[in-house]
Amino acid sequence: MFSQVIGQAEVKMQLLREAQEGRVPHALLFCGPPGCGKLALAVSYAQYLLCQHPGEQDACGTCPSCKASGHFVHPDLHFVFPVIRYKTAESTVCDVYLEQWRKRLKNGLYFDLDDWLADMKAENQQALIYAAESNRIQRKLAMKSTLGGRKVMVIWMPEKMNAECANKLLKLIEEPPAQTHFLLVSDEPDKILPTILSRTQRIEVKGIDHESMVAALRRIVPSGDVETIARNADGSYTAAIKSLDASRDNLLFFDLFVMLMRLSYQRKIKEMRKWSEQIAGMGRERQKNFLTYCQRLIRENFIYNFHSPELNYMTPSESEFSKNFARFVNERNVIPIMNELSHAQQDIEQNVNPRIVFFDFALKMIVLLIQ
């Protein structure tokens with residue numbers, strides 16, 4: 001529902017006005033920067049169009065249509081989204097991943113492709129909208145509306161549609177069945193097939209305004225510096241949420257970094273193996289984030305030696321640790337340490353066993369710290 005959309009008052013009013021005046025286009029394209037709420041707007045608009053008793057500001061939320069669309073199981077609300085290859089090209093369609101997709105939507109309408117890839121356990125695979133999808137779309141929209149009203153097809157990231165699929169859908173988007181609406185949601189509209197682009201009414205969605213962003217963050221983080229997080233997010237609620245998650249992770253990452261440096265200095269091999277096993281259990285994305293954090297802290301400790309506080313950007317805990325640790329990061333070892341961290345990150349991206357990667361790195365730190 002529109003009440004779930006953060007900010008974007010002007011776009012909401014435009015959509016409501018067109019619906020109430022009976023001027024709903026057959027194909028709308030929501031485009032704008034990542035995290036601004038394009039998908040939230042499209043889904044909310046779909047729910048409003050399907051509502052049996054729509055109000056002036058939002059769907060009623062209580063009719064059978066609203067209850068079904070609120071759980072993303074409405075028979076006349078269809079979704080198309082990028083997926084990874086299933087067993088064969090013919091079987092690679094969205095319906096295979098519909099359960100994961102509904103679960104993702106129930107968790108919130110603000111997410112990005114990386115989040116969705118993680119849900120599909122995609123590893124390093126590429127997500128696309130395959131040609132087989134066009135046949136499914138045509139069959140679904142050829143059927144009569146189950147509840148006797150509109151049919152809505154939400155296509156998330158149409159720029160991921162391969163050429164064959166896009167060309168097959170061209171005629172359908174140009175002349176859809178009666179009371180059928182396409183809502184396309186794109187981060188990169190310039191990559192959409194031009195002939196499809198020309199057949200849509202474009203709605204530019206701007207970044208979320210600062211006040212709305214702060215208010216939304218306050219609902220999940222009552223205390224804390226949400227003003228800074230909102231400012232750094234640059235209008236993207238997805239980026240703000242990831243920043244919050246990173247802040248929580250950074251507390252753990254700091255403890256793990258300190259533990260490794262102390263164990264390496266003391267040459268406690270058995271404990272270092274346990275340390276590597278702990279990191280190995282965190283998941284690939286967090287492992288990569290940890291290595292990025294380590295690179296930042298190594299840089300900060302190297303700069304700390306120049307005694308120019310204005311050049312350092314560390315938390316109080318990090319700064320306190322650096323008072324004694326910074327002298328171990330110098331011109332002789334800073335580049336080799338950074339290289340080892342970079343190599344470890346590449347290995348993790350290529351699915352090398354994380355226990356081996358992190359234990360190997362820990363052992364190398366024994367030598368690097370005494371240079």
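Treat the numbers as computed from the prediction; the structure is a model and nothing was measured.
Side-chain contact between D115 and D112: present, with at least one pair of heavy atoms (C-beta onward) separated by less than 4.5 Å. In this structure, D58 and L16 have side chains that are not in contact, with every pair of non-hydrogen atoms separated by 4.5 Å or more. V43 has its side chain out of reach of M1: every pair of non-hydrogen atoms, C-beta onward, lies at least 4.5 Å apart. Contact of the F325 side chain with the M261 side chain is registered, since non-hydrogen atoms from C-beta on lie closer than 4.5 Å.
Look at K103 and E99 and you find no salt bridge, because none of the NZ, NE, NH1 or NH2 atoms lies under 4.0 Å from a carboxylate O. Ion pairing between a basic and an acidic side chain is recognised when a charged N comes within 4.0 Å of a carboxylate O; R273 and E277 show no such pairing.
Cation-pi geometry between R102 and F72 is not met: the NZ or CZ atom fails to fall both under 6.0 Å from the ring centre and inside 45° of the normal.
Within a 6.0 Å radius of CG in L311, other residues, nucleotides and ligands contribute more than 12 heavy atoms.
At distances below 3.5 Å, not a single donor-acceptor pair connects side-chain atoms of K160 with backbone N or O atoms of A127. Proximity of a side-chain donor or acceptor of H181 to a complementary backbone N or O of P25 within less than 3.5 Å is detected.
The ring pair (Phe, Tyr, Trp, His ring centres under 6.0 Å) test applied to Y110 returns Y237, not counting sequence neighbours.
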Per-pair distances, 0.1 Å, donor-acceptor, side chain in residues 198-210, under 3.5 Å, sequence neighbours excluded:
unit_1 : atom_1 : unit_2 : atom_2 : d
S198   : OG     : P194   : O      : 3.4
S198   : OG     : T195   : O      : 3.0
R199   : NE     : E174   : OE1    : 3.4
R199   : NH1    : T195   : O      : 2.6
T200   : OG1    : L197   : O      : 2.9
Q201   : NE2    : E18    : OE2    : 3.2
R202   : NE     : E204   : OE2    : 2.7
R202   : NH2    : E204   : OE2    : 3.3
D209   : OD1    : S212   : OG     : 2.8
D209   : OD2    : E211   : N      : 3.4
D209   : OD2    : S212   : N      : 3.0
D209   : OD2    : S212   : OG     : 3.0
H210   : NE2    : E227   : OE1    : 2.8

